[in-house]
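Input: a single structure, listed below in structure tokens.
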Amino acid sequence: MAGLRCSSRTWTTYLCLVALLCLFWSPAVAVKEHDFKKCDQSGFCKRNRAYADNAATQGTTWTSPYKVLSEQVSFKDGSLNAIVLKTINAEGATVELPLTVSFLKSGTARVTVDEKIRQQKNIELRHGSQVRKERYNEAEGWAIVGGLDVDTEATVASQGDAGIKITYGPEAAYEADITYSPFSVAFKRDGVTQIKLNDRGLMNMEHWRPKLEKDAKPEGEESTEETVAETPAAEDESTWWDETFGGNTDSKPRGPESVALDITFHGYEHVYGIPEHAGPLSLRETRGGEGNYEDPYRLYNADVFEYILDSPMTLYGAIPFMQAQRKDSTVGVFWLNAAETWVDITKAKEAKNPLALGIGSKTNTQTHWISENGLMDIFVFLGPTPRDVIKSYTELTGTTALPQEFAIGYHQCRWNYVSDDDVKEVDRKFDKFNIPYDVIWLDIEYTDDKKYFTWQSDMFKDPISMGQQLDAHGRKLVTIIDPHIKNVGGYRVDEELTSKGLAVKNKEGGNFDGWCWPGSSHWIDAFNPAAIKWWTSLFKYDSFKGTMKNTFIWNDMNEPSVFNGPEVTMPKDNIHHGGWEHRDVHNLNGMTFHNATYEALLSREKGELRRPFVLTRSFYSGSQRLGAMWTGDNQASWEHLGAAVPMILAQGISGFPFAGADVGGFFGNPELDLQSRWFQAGAFYPFFRGHAHIDARRREPYLLAEPHRSIITSALRLRYALLPAWYTAFFHANQDGSPIIRPMYWTHPSDEAGFDVDDQFFVGSTGLLVKPVVEKDKTTTDIYIPDDEHYFDYFTYEKLATHKGKHLTVNAPLETIPVLMRGGHIFPRRDIPRRSSQLMRFDDYTLVVVLGKDGKAQGELYVDDGDSFDYRSGQYVHKAFKLEGSTFTSSNVGGRDFASVKKGTWLKQFANVAVDKIIFVGAPSSWSSKKEVELESEGKKTSVSLDFHKAEGGRAAFAVLGRVGAKISADWSVNLS
């Protein structure tokens, strides 16, 4: 949904002007960059960049003013505790910063720095504020769900007046080398420094100090337990105590409190992650120069209207997790801070020795992390593989929720379907034209005057009959529910929100009032457990009347979007549950609302426990546990189509793989070729939804002229045929955090030439390599080949002439999706066309076996009921397929004793689902004389027909085993000799 709309009945003059601008929208109109801060307009970012510039100017004479008191260092049971002293003036005055370095059983290290005077609440607040005096220390409670057990086997390798070395991790292969003065920490693997904190001496924690008013006593005479020396006159105090931007003034009751640290990745040229930004997967430098950005990457969740591309500008979500990659090595850091954050990136050559500058030198990536407030809290991951890093990160923050099967089908949406009859007609038309889909969505116009949990009675007269028709066709309904609650008399939801004290408060302690779709609105404070409990009650079927068990939820505008607020969001000096300022928790806000809705859907009636589906626009580390996200308000342009894949890949490698982009583009009217190409690309997004602005033409696939209707229908049917493979990929994401679509660096971490490639990807572990066509009038595409394995065209079985490290040009006319099959893989399909995933639940399977150069292949299938949590009690089937020599086998993963599993209703129904056929691509010529092969299953041997097709032209030989008939849940084997 857009950040600005034009149809509310209660606009103020300001919003009416915005509405008029909407009427004149064109694709050339983009986000107004001046509505959002640059670093030099954000006081704490500007100050810390200046701090870095000062250090760089002084060069080797610069010394970081932070040191550890060696006499106070203690190490016990896997944790080091110490005090870091910050020297704050020439007279040697200091402030104390408690330091903890924890070594976790996973091999992850955690470095936390606090500020003693704030920790002890021994500061004075300005403006009579009642907010908390501590640095915000509750982000862990929202983002972290496990993995914090300390490694008690971590040991002190050496210790002296200069520092301490701790060995930890698997086989004690990791080392933390802590230098006391100036304070720094080098993290080593196998004796080699990988990551260093405060490498360039840019650490900066802005300590508390009182503001000297004109009639105040000289600083130093205040009665505080800790002496704070006078601030150097040269420092710019203009944004310490308040700050104005866009006509809004931010009061700062705690004064300046930013935290900053430089983190160097030694020997790493590529860094990835820190979504959400619309730019390349491999992050650019941010200090200017050709091809680089001038501003740091910003993490500050915001409603960015028609965002621009190739920019470090903030978008809707924030995941402060970065990975660095070099040949055969991956490391990462997680900056656990929920406040506004900026990240500068530069790269520098490091010579092996002074006489070899430029010869055999390596590149270091230098990053500078700057947050407005909160703790300095960093997790360090030493890999060494991408899989190791993401597994360790998701051990902390959780893995992606295993979705319902319908959620990975196709979703049909627009702002807005105008009535329940409209929804029913769209549903009928999809069936008439034999086009599959699973979910239809309702945007804000279904409500009564933008009051959530209501229906517009003139147009949605009978929502139950609408839901019943969808249910009869195996389909679902998603309705939008946003966090702003219309401030109007007689509206029960708002009256309860305010009377129960569950709304976000302004800085004076009253209910905050801002503007969004309904006009004057209040916002639920989802940090409050009581608010979550109340929110849950609103979704009960007898409360949210008109909803059914096939109704699910979309959370939009949860950055939060406030039309008349600073940078289209909430004032930073608003107050949340627990006395925290909004500045403390801003980037968490969207996740807390997402969490409240997730909790609400867990049980809408007594005894019901089904997996929720909740889409969110705003997110933070840990949001992956709750549902799906999409990339927000994109445009119907070829450029935005091209930008989607790198953005979705960035989400996947950052632990939130259930991601997609609005297919067709939200704003504007896509030309038919663009719409067709976008559906082809969208068929390979983990979250696959078509969406459109209220001013866009209707563009349901069945409305399109041929050949475009057929092209899009084919793409949709391909998605549905491959749903078993997609579901298996989601299962693995749920188990170990692995991306669902995977960039080249992730699948081939030894291939340096692939580290920049971000326009193609592998789907899970299927071996399917996809390169969407994203350019107008393009009928060929170049696919990068990362290895020397066999590759075949998915549709024709053509064996392609590939070379490791080279691009392969393939034909890609408009009706074709470039999809290759990598040798050595087996993936499952369901080939019977159905109109929804629910109607496919008990269809038989096709297995596609793509022989590798060594004649071998392997793959998996995971399947459960696709709806409940019964898989947690063993109600699932997980098979491993393997071709080795002349034997094909299907067995339970991990040697599971499936026969001993007590079968529930679904497993009993699934018992007769079988393998229909097996296709062997690249079959050896020795099979050409065979007409039958032997199948052994459940103690019986039967014959299965084999149809061999010899190689012809460029097409590889392939063989098809006919009606196999083996139960997919059973162990069985086929002898092909």
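- A centroid separation of 6.0 Å or more is found between the aromatic rings of Tyr316 and Trp630.
- Checking Glu340 against Ser42 by side-chain atom types alone, a donor-acceptor pair falls below 3.5 Å.
- Here the side chain of Gln624 pairs a donor or acceptor atom with the backbone of Gly398 at under 3.5 angstrom.
- Side-chain contact, Asn204 with Asn48: a donor N or O sits under 3.5 Å from an acceptor N or O.
- Trp240 carries Arg209 over the face of its six-membered ring, with the cationic atom under 6.0 Å from the centre and within 45° of the normal.
- At a cut-off of 3.5 Å, with distance as the only test, a side-chain donor of Asn487 or Asp513 sits close to an acceptor on the other residue.
- Inter-residue side-chain proximity for Ser623 and Ser621 is flagged as unmet; no heavy-atom pair is nearer than 4.5 Å.
- By the 30° and 60° cut-offs, the orientation of the rings of Phe334 relative to Tyr620 is tilted.
- Applying the salt bridge (Lys or Arg N to Asp or Glu O under 4.0 Å) test to Glu257 and every residue at least two apart in sequence or in another chain returns Arg118, Arg254.
- The aromatic ring centroids of Phe619 and His594 lie 6.0 Å or more from each other.
- The closest donor-acceptor contact from the side chain of Ser129 to the backbone of Leu125 lies at 3.5 Å or more, if one exists at all.
- Of the listed residues (Leu336, Ile378, Leu375, Asn137), just one forms a side chain to side chain contact (heavy atoms under 4.5 Å, CB included) with Thr112, and that residue is Leu375.
- The backbone N or O of Cys39 sits nowhere less than 3.5 Å from a side-chain atom of Arg49 that would complete a donor-acceptor pair.
- Separation of the Phe544 and Tyr452 ring centroids does not fall under the 6.0 Å cut-off.
- Not counting sequence neighbours, Trp142 has no partner by the side chain to side chain donor-acceptor pair (under 3.5 Å) test.
- The side chain to side chain donor-acceptor pair (under 3.5 Å) test with Lys572 singles out one residue from His582, Glu372, His586, and that residue is Glu372.
- Tyr136 contributes no side-chain N or O that, together with a main-chain N or O of Asn337, makes up a donor-acceptor pair within less than 3.5 Å.
- Around atom NZ of Lys86, more than 12 heavy atoms belonging to other residues, nucleotides or ligands sit under 6.0 Å away.
- The backbone N or O of Asp448 sits nowhere less than 3.5 Å from a side-chain atom of Lys450 that would complete a donor-acceptor pair.
- Partners of Glu567 according to the salt bridge (Lys or Arg N to Asp or Glu O under 4.0 Å) rule, which considers only residues two or more places apart in sequence or in another chain, are Arg298.
- Other residues, nucleotides and ligands contribute at most 12 non-hydrogen atoms within 6.0 Å of the CD atom of Gln130.
- No donor-acceptor distance shorter than 3.5 angstrom exists from the side chain of Lys133 to the backbone of Glu124, with no hydrogens or angles considered.
- Taking the centre and axis of the six-membered ring of Phe552, the NZ or CZ atom of Arg604 falls inside the cone set by 45° and 6.0 Å.
- The only member of Glu206, Glu243, Glu237 that meets salt bridge (charged side-chain N to carboxylate O under 4.0 Å, His left out) when paired with Lys252 is Glu243.
- Formation of a donor-acceptor pair under 3.5 Å by the Thr397 side chain with backbone atoms of Tyr393 is found in this model.
- No hydrogens or angles considered: nothing links the side chains of Asp525 and His577 as a donor-acceptor pair under 3.5 Å.
- Between Trp415 and Tyr446, the distance separating the two ring centers is not shorter than 6.0 angstrom.
- For the residue pair Thr616 / Asn558, a side-chain donor-acceptor distance below 3.5 Å is found, with atom types taken as modelled.
- Using modelled atom types and a 3.5 Å distance limit, the side chains of Ser618 and Asn301 yield a donor-acceptor pair.
- Taking the six-membered ring for Trp and the full ring otherwise, Trp335 and Phe321 have centroids separated by 6.0 Å or more.
- Taking the ring centre of Phe453 as origin, the terminal cationic atom of Lys540 falls outside the region bounded by 6.0 Å and 45° from the ring axis.
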